[in-house]
Amino acid sequence: MAGTGETWRLLDSGPGDGVRNMAVDEALLLEHAAGRTLPTLRFYRWDPPALSIGHFQPVRGEVNRDRLTQEGFGLVRRLTGGRAVLHRADLTYSVVVGEALLSGSVLETYRLLSAGLLAGLRLLGVEAELAGEKPGGGTDPACFAVPSSYELLAGGRKLVGSAQVRRKNTILQHGSLLLDFDPRLLARVTGPDEQAAALYRERVTSLREILGFIPPYGDLVGAFAQGFATALGVALVPGDLTGEEESLAARLAGKYGGDEWNVRC
Amino acid sequence: MYPNHLKYSEEHTWLELDGDAGRVGITDHAQEALGDIVFVELPQAGDEVTQNEAFGSVESVKSVNDLYAPVSGKVTEVNGRLNDHPEIINKDPYGDGWIIKIRPSDLSELENLLDAAGYQKSIVED
């Protein structure tokens with residue numbers, strides 16, 4: 001459990017393309033693992049939109065690159081596990097923290113960080129619930145088609161999808177909160193056919209559907225920052241990337257922008 | 001759950017030396033903390049690995065975790081069954097769930113490993 005009174009850095013990166021967004025998250029992980037930075041809570045958006053896919057997710061049969069190009073969407077492979085997420089109208093968070101500060105099993109850390117998301121949603125007037133420990137499987141290419149343990153649902157439908165990587169005793173967890181959702185678009189870019197849209201419509205929700213509107217970006221960041229701070233018992237201090245993180249992210253952009261990484265499997 | 005005949009690393013792998021090579025896997029504590037393993041990325045036979053550096057990774061519950069070599073040496077064999085059945089690691093971490101076989105290049109590195117009691121103590125302190 002994170003100890004009360006620790007100080008974390010709050011980063012609000014705003015909009016970025018998929019390559020930049022993933023390069024920054026990895027730079028945060030590496031610099032924190034090297035002991036040079038505070039634990040970090042980061043928020044960002046995706047512009048232009050992009051499909052992010054899991055570390056080991058195959059592209060073939062699960063990503064339609066032609067349609068991504070037609071839509072003007074990017075494609076980027078995450079360092080974290082899980083399946084495809086279309087970042088079009090979402091708020092993405094990332095948390096970077098040493099295992100010593102956020103101890104416990106993979107499931108326990110999902111549960112702890114979900115408490116921050118739940119608290120943030122409550123501040124926005126949304127009552128969400130945690131999926132159970134074994135919420136049922138499925139092999140759909142899309143992350144949002146299948147709730148995973150301790151992910152957030154509203155009315156039984158998935159609202160936030162998250163994934164993790166642990167390297168050098170450091171955890172990077174990031175996740176996508178849907179502000180708006182277009183099931184047909186997700187089916188177009190992940191599936192060979194568009195039949196999956198009906199399934200997505202049934203299983204996925206969004207803040208717009210729940211609230212009837214999308215709260216302004218600043219309000220969202222404020223609510224989730226407060227939610228995480230309260231749930232984890234930490235103080236958040238707004239900050240920027242360090243010079244080392246900036247130059248690391250610039251170097252890592254080469255990896256995330258290339259087919260060698262993005263189409264590796 | 002920590003067999004006495006194995007050597008353990010603080011990075012939650014075990015080594016079972018048998019002649020000049022030994023099987024490597026992850027501990028029961030590690031498989032429990034990871035949860036259901038759905039994918040294993042293995043090195044290839046012939047690859048060189050370095051003590052305490054990553055030789056592969058596993059994915060469980062959308063979490064990707066590096067696997068760290070307990071000793072330096074050459075990979076002489078990998079457990080190919082894990083490609084199709086990674087869940088074997090959860091079911092039998094010290095038996096059929098072995099991951100690679102290493103021929104250690106520096107036996108003095110064995111001194112950095114723990115016995116079962118030492119490993120058990122290290123995970124309580126974690």
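The basis for the numbers below is simple: all heavy atoms, side chains too, and nothing from hydrogens, waters or symmetry mates. Numbered from 1 within each chain, the chains take letters A, B, ... in sequence-line order.
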For Phe73(A) and Val189(A), which heavy atoms make the closest approach, and how far apart are they? CD1-CG1, 4.4 Å
Heavy-atom nearest pair, Ala253(A) first then Ala23(A), reads N-CB, 3.8 Å
Identify the residues of residues 39-52 of chain B whose heavy atoms come closer than 4.5 Å to a heavy atom of chain A, ordered by number, or report 'none'. Phe39(B), Glu41(B)
Examine whether an atom of Ser162(A) lies under 4.5 Å from a heavy atom of chain B, and if so say whether it belongs to the side chain, the backbone or both; otherwise answer neither. backbone
Please check if any side-chain donor atom of Arg83(A) sits under 3.5 Å from a side-chain acceptor atom of Thr190(A), or the reverse. no
List for me each residue that meets salt bridge (Lys or Arg N to Asp or Glu O under 4.0 Å) alongside Arg111(A), sequence neighbours excluded, and say none if there are none. none
Between Asp140(A) and Arg203(A), does any side-chain N to carboxylate O distance fall below 4.0 Å? no
Tyr150(A) backbone acceptor or donor facing Ser114(A) side chain under 3.5 Å: yes
Backbone N or O of His55(A) within a donor-acceptor pair of the Arg78(A) side chain at under 3.5 Å? no
Residues of residues 66-84 of chain B with any heavy atom under 4.5 Å of a heavy atom in chain A: Asp66(B), Tyr68(B)
Would you kindly say whether Thr92(A) and His174(A) are connected by a side-chain donor-acceptor distance under 3.5 Å? no
Is Leu172(A) close to chain B through its backbone or its side chain, or both, or neither, when contacts mean heavy atoms under 4.5 Å? neither
Which atom names give the shortest non-hydrogen contact between Phe56(A) and Glu59(B), and what distance separates them? CD1-OE1, 3.4 Å
Under 3.5 Å, is there a donor on one side chain and an acceptor on the other for Thr40(A) and His32(A)? no
If contact means a heavy atom pair closer than 4.5 Å, which residues of residues 86-118 of chain B contact chain A? none
Taking only Lys NZ, Arg NE, NH1 and NH2, and the carboxylate oxygens of Asp or Glu, determine whether Arg36(A) and Glu31(A) approach each other closer than 4.0 Å. yes
If we define contacts as heavy-atom pairs under 4.5 Å, which of Ser57(B), Ala30(B), Ala33(B) has the most with chain A? Ala33(B)
Whether the side chain of Glu129(A) engages the backbone of Gly156(A) through a donor-acceptor N/O pair (distance < 3.5 Å, no angle test) should be reported. yes
Residue part contacting chain B, namely of Glu151(A), when any heavy atom lies under 4.5 Å: side chain
Quick check: does any side chain N or O of Arg167(A) sit under 3.5 Å from a backbone N or O of Leu30(A), one acting as donor and the other as acceptor? no
Are the side chain of Ser149(A) and the backbone N or O of Glu133(A) linked by a donor-acceptor pair below 3.5 Å? yes
How close do Trp8(A) and Val95(A) get, heavy atom to heavy atom, and via which atoms? CZ3-CG1, 3.7 Å
